[in-house]
Structures are given as structure tokens and as C-alpha cells.
Number of protein chains: 2
Amino acid sequence: MIRSQFLVERQDIDPVAFFREKGLRVTHQRVEIFREIAESREHPSAETIFEGVRRRMPSLSMDTVYRTLATLEELGLVMRLTHPRGGARYDSMAITHHHFICLECGEIMDCFAASGEAPLLEELTDRVSAVRSVHVEIRGLCSHCHHTSNHNLPLMGES
Amino acid sequence: MIRSQFLVERQDIDPVAFFREKGLRVTHQRVEIFREIAESREHPSAETIFEGVRRRMPSLSMDTVYRTLATLEELGLVMRLTHPRGGARYDSMAITHHHFICLECGEIMDCFAASGEAPLLEELTDRVSAVRSVHVEIRGLCSHCHHTSNHNLPLMGES
DNA sequence: GTGTTTAATAAGAAATATTCCTATTAACGA
DNA sequence: TCGTTAATAGGAATATTTCTTATTAAACAC
Ligand SMILES: [Mn+2]
Ligand SMILES: [Mn+2]
Ligand SMILES: [Zn+2]
Ligand SMILES: [Zn+2]
């Protein structure tokens with residue numbers, strides 16, 4: 001049985017209530033790390049999140065950042081993206097959405113749109129039982145990079 | 001201007017001719033590394049590719065594997081996937097396709113289907129100039145893992 | 001074929017990113 | 001308030017990828 005509906009809007013999550021519901025302790029670290037991501041529109045790295053939260057909480061450790069991000073990802077509150085230039089980026093998942101990543105400057109832009117996974121999964125239905133997430137990653141050149149430098153990338157639709 | 005057509009089948013690439021066309025030297029390492037991926041259906045890691053090629057070429061270094069994989073990716077001959085459990089996986093791109101990844105066992109399955117990126121990009125057309133690739137990554141549980149263990153993953157379509 | 005040029009490689013060090021280990025802390029239920 | 005134990009801090013360890021430099025070999029001119 002395939003779960004193939006889409007996540008709907010899920011904004012204004014109260015992390016305190018959410019952790020409690022899941023039986024997880026409501027630590028300052030969890031609350032602050034979640035808030036740091038939820039308030040960012042920048043797809044921050046673990047390091048960036050660490051630096052941001054550490055201003056308010058100087059004892060914070062990197063291990064807690066990674067551990068908490070993994071927890072938040074399991075809970076479905078946060079999405080981990082892998083950036084072509086190494087390292088992961090994190091994104092609060094208020095709304096299911098997708099990404100465009102510029103191969104030149106690394107900028108990540110949000111793309112909001114439904115994407116039907118059903119047609120992709122048709123041939124796999126006997127091997128796949130449950131869908132957790134669908135993510136579309138588009139790579140290319142942003143307008144800025146396209147106009148400012150010379151590139152030799154093979155693009156889609158060219159021979 | 002958005003390049004939004006799809007890659008068509010591109011099988012039976014002759015790596016020797018391809019490298020030559022691009023002005024790159026045709027080294028044994030490049031040819032063997034490309035063949036190793038092209039002949040694999042397994043989405044191998046850099047380490048796996050290294051071990052496979054090293055059997056035929058004992059002096060091969062890991063650095064050459066990474067360097068060559070980056071070159072092949074730039075040429076559009078190979079696709080790099082990031083695996084949730086760390087490390088990259090490589091895939092020969094004979095045909096544009098997408099992936100299902102099991103969050104329990106890590107297995108990667110191919111999904112062959114066109115995916116229209118145009119609707120996703122509509123709102124970004126002024127910020128995006130050229131599309132290099134579109135990749136859909138679906139995560140969830142494979143049938144085997146779904147039936148053999150207990151999970152508590154929030155799935156799509158559930159409240 | 002021989003020699004020249006230089007891109008590409010091997011080896012290992014270094015940098016990055018992430019996870020592990022363990023003593024300590026603090027969240028929370030009693 | 002107290003006890004239990006999940007969670008954290010700090011640092012070590014691991015894993016992955018990139019860098020540095022001397023050496024090799026692919027391509028090319030002769
Ligand atoms: Mn985003
Ligand atoms: Mn594949
Ligand atoms: Zn850019
Ligand atoms: Zn599985």
C-alpha cells in the first residue's frame with residue numbers, strides 16, 4: 001500500500017508541544033535549534049546553525065546540533081539537503097517544496113509546487129511499501145552566474 | 001531562457017571517443033573507472049568503485065577515483081547521488097532516471113519516468129537561466145523492510 | 001620511433017564533516 | 001524535592017573528500 005498523498009501546509013509548529021507529544025524531553029537545545037532553522041530562509045549548514053544558536057547558548061556543542069538535526073529530520077520537522085559542494089544543508093519543512101541549486105555559486109532557491117510521485121513509482125509498487133518524502137532537485141545556473149561567467153556545462157535538451 | 005527538454009537515451013557511450021572529443025587525455029584510469037560504473041547496476045560508492053577497478057589496476061589511487069568521478073559528472077556521463085547514510089553513490093546516466101531510497105536498509109532503486117520541471121520552475125524563471133539536471137528522490141520503506149521491522153516514520157499523507 | 005610538453009596520476013598528508021565515547025547535566029515523573 | 005535516565009558537552013575517533021608534490025605517461029611534433 002503506497003501512501004501517495006501530499007503533505008499539506010504545516011506552519012507555526014510549536015516545537016515544545018511537538019516534542020512533548022512525541023515523548024521527547026523539551027530541552028533548550030532542541031527548542032533553540034528548531035527555532036534557528038524555522039526562522040531562517042537560507043538553507044543553513046550545521047555549522048551555521050551552530051554559530052547562530054551558540055550566541056544565545058554558549059555551551060552548545062556541535063554534537064548536539066547534529067543529533068538534534070537528525071531527530072528533527074526523523075520527526076519530519078526538518079529536511080536535510082545535500083549540497084553539491086559538500087556538507088548538508090537544513091530546511092524547515094513548513095511546506096513541502098523543492099529546490100533549484102546553482103552549480104556555479106551554490107545558491108539554493110525554493111520551488112513550491114506539488115509533484116506527483118505516483119507515475120514514478122508505478123513500476124516499483126511491489127518493491128516499495130511506504131513513501132516518506134518526495135524531493136525534486138533541479139541543478140543548473142542561476143541568472144546571475146549565467147550572465148557573469150563562461151560555462152561549459154552540458155545542459156538538458158542539448159545534444 | 002530555460003532549457004527544459006529532457007535527456008533522451010544515451011546508451012553505449014564509447015568513453016574513449018568521448019574523452020577525445022572533449023580534449024581530455026584517454027587514460028586507462030578514466031576508461032576503467034567509467035566502465036566500472038557503466039557496468040554496475042548497484043549505485044556504487046567511491047570506495048566500491050576503487051576496489052573494483054583496483055583488481056585490474058593495482059596502482060590506482062583513491063584520489064584518481066574522486067577526480068575522475070568529478071570529471072565524469074561534469075561531462076554528464078555520471079550522476080552523483082548522496083546517500084542518507086553518508087558518502088556519495090555514483091550512477092551511470094545511460095538514461096535520465098530517478099531514485100527511491102529505503103530509509104531502513106539504504107537500498108537504492110531506479111525509477112524511470114519523465115518528470116516535468118517546468119511547473120516547478122515557473123515562479124523562478126527570472127532567477128534561473130539554465131537547467132542542467134532534474135532529479136527526483138523518493139524516500140520511504142522498501143517492501144522487505146516494511147514487513148520485517150517496526151517503524152515509526154511519519155509518512156506522507158498522514159496527519 | 002624519439003624526444004618534448006604537460007595533463008594526469010600515486011602517495012600520503014591535510015582538511016572537512018560527522019559520529020562516537022563517557023562523564024556530567026538537567027528534564028520530568030513520582 | 002528526589003531519583004531516574006535521556007540528553008548534553010567536550011573531545012577523541014572515524015569517515016569522506018581534497019590538497020600537495022614528485023613522478024608518470026598521453027599526445028604531439030619531428
Ligand atoms: Mn527550501
Ligand atoms: Mn540509478
Ligand atoms: Zn549562481
Ligand atoms: Zn529496505
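Nothing here was measured: the structure is a model prediction, and the numbers come from that model. Chain A is the first sequence line, chain B the second, and so forth, proteins listed ahead of strands; every chain is numbered from 1.
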Trainee: Mind calculating the distance between CZ (B/R85) and P (C/dC20) to the nearest angstrom?
Mentor: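 Interatomic distance, CZ of B/R85 to P of C/dC20: 12 Å.
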
Trainee: Between B/L24 (CG) and C/dT6 (P), how many Å, whole number?
Mentor: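 Spelled out: CG on B/L24 to P on C/dT6 is 17 Å.
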
Trainee: Think B/S61 has a side-chain N or O under 4.0 angstrom from the OP1 or OP2 of C/dG12?
Mentor: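 For C/dG12, OP1/OP2 do not have a side-chain N/O of B/S61 under 4.0 Å.
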
Trainee: What's A/A46 touching, base or sugar-phosphate or nothing? Going by heavy atoms closer than 4.0 Å.
Mentor: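 No contact at all - A/A46 keeps every heavy atom at 4.0 Å or more from the nucleic acid.
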
Trainee: Whole angstroms only, please: what is the CD-C1' distance between B/E73 and D/dT17?
Mentor: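 It is 14 Å, rounded to the nearest whole Å.
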
Trainee: Would you say D/dA7 has OP1 or OP2 under 4.0 Å from some side-chain N or O of A/T27?
Mentor: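 No, A/T27 has no side-chain N/O under 4.0 Å of OP1/OP2 on D/dA7.
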
Trainee: Of B/R80 and A/P58, whose nearest nucleotide on DNA chain D comes first from the 5' end?
Mentor: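 Per heavy-atom nearest nucleotide, the more 5' residue is A/P58.
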
Trainee: Give the rounded distance in Å between these two atoms: NE2 of A/H83 and P of D/dT18.
Mentor: 13 Å

Trainee: Looking at D/dT17, C/dA10, C/dC28, which one has an atom nearest to any side-chain atom of A/V26?
Mentor: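 That would be C/dC28.
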
Trainee: In whole angstrom, what separates A/L69's CG from C/dT19's P?
Mentor: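 Nearest whole value for this atom pair: 10 Å.
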
Trainee: For the residue pair B/T82 and A/H83, establish whether any side-chain heavy-atom pair is separated by less than 4.5 Å.
Mentor: no

Trainee: Output the distance between atom CZ (A/R20) and atom CG (A/D14), rounded to the nearest 0.5 Å.
Mentor: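 A/R20 atom CZ to A/D14 atom CG measures 9.0 Å (nearest 0.5 Å).
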
Trainee: Tell me which nucleotide among D/dG10, D/dA26, D/dT8 gets nearest to the side chain of A/T68.
Mentor: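 The answer is D/dT8.
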
Trainee: From D/dT18, D/dT8, C/dT9, pick the nucleotide closest to the side chain of A/R67?
Mentor: D/dT8

Trainee: Answer yes or no: is there a side-chain heavy-atom contact under 4.5 Å between B/L81 and B/H43?
Mentor: yes

Trainee: Look at the side chain of B/R25 and the base of D/dA27, then say whether one donor and one acceptor between them are separated by less than 3.5 Å.
Mentor: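 Not at all, since no donor on one side and acceptor on the other fall under 3.5 Å apart.
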
Trainee: Please evaluate residues A/R139 and B/V131 with respect to the criterion side chain to side chain contact (heavy atoms under 4.5 Å, CB included), reporting the C-alpha separation (whole Å), side-chain torsions for both, the decisive distance (0.1 Å), and the verdict.
Mentor: CA-CA 6 Å; A/R139 297 184 180 195; B/V131 172; over 6 Å; no

Trainee: Which part of the nucleic acid, if any, lies within contact of B/R54, taking any heavy atom under 4.0 Å across all strands shown: a base, the sugar-phosphate backbone alone, or nothing?
Mentor: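 Result for B/R54 = nothing.
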
Trainee: Do the side chains of B/R35 and B/E32 get close enough for a salt bridge, i.e. N-O under 4.0 angstrom?
Mentor: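 A salt bridge links B/R35 with B/E32.
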
Trainee: Among C/dA17, C/dT9, D/dA9, find the nucleotide with the atom closest to the side chain of A/Y66.
Mentor: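 The listed nucleotide nearest to A/Y66's side chain is C/dA17.
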
Trainee: Could you state the CG-P distance from B/L60 to C/dA8, rounded to the nearest angstrom?
Mentor: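 So the two atoms are 16 Å apart, to the nearest Å.
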
Trainee: Figure out the CD/P separation between A/E32 and C/dA26, and round it to whole Å.
Mentor: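 Value for this atom pair: 15 Å.
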
Trainee: Heavy atoms from C-beta onward define the side chain here; which of D/dA9, C/dA8, D/dA26 lies closest to that of B/R30?
Mentor: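 Output: C/dA8.
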
Trainee: Mind calculating the distance between NE2 (B/H28) and C1' (C/dT9) to the nearest angstrom?
Mentor: 13 Å

Trainee: Taking only side-chain nitrogens and oxygens of B/Q29, does any of them come within less than 4.0 Å of OP1 or OP2 of D/dA25?
Mentor: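 No, no such contact exists.
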
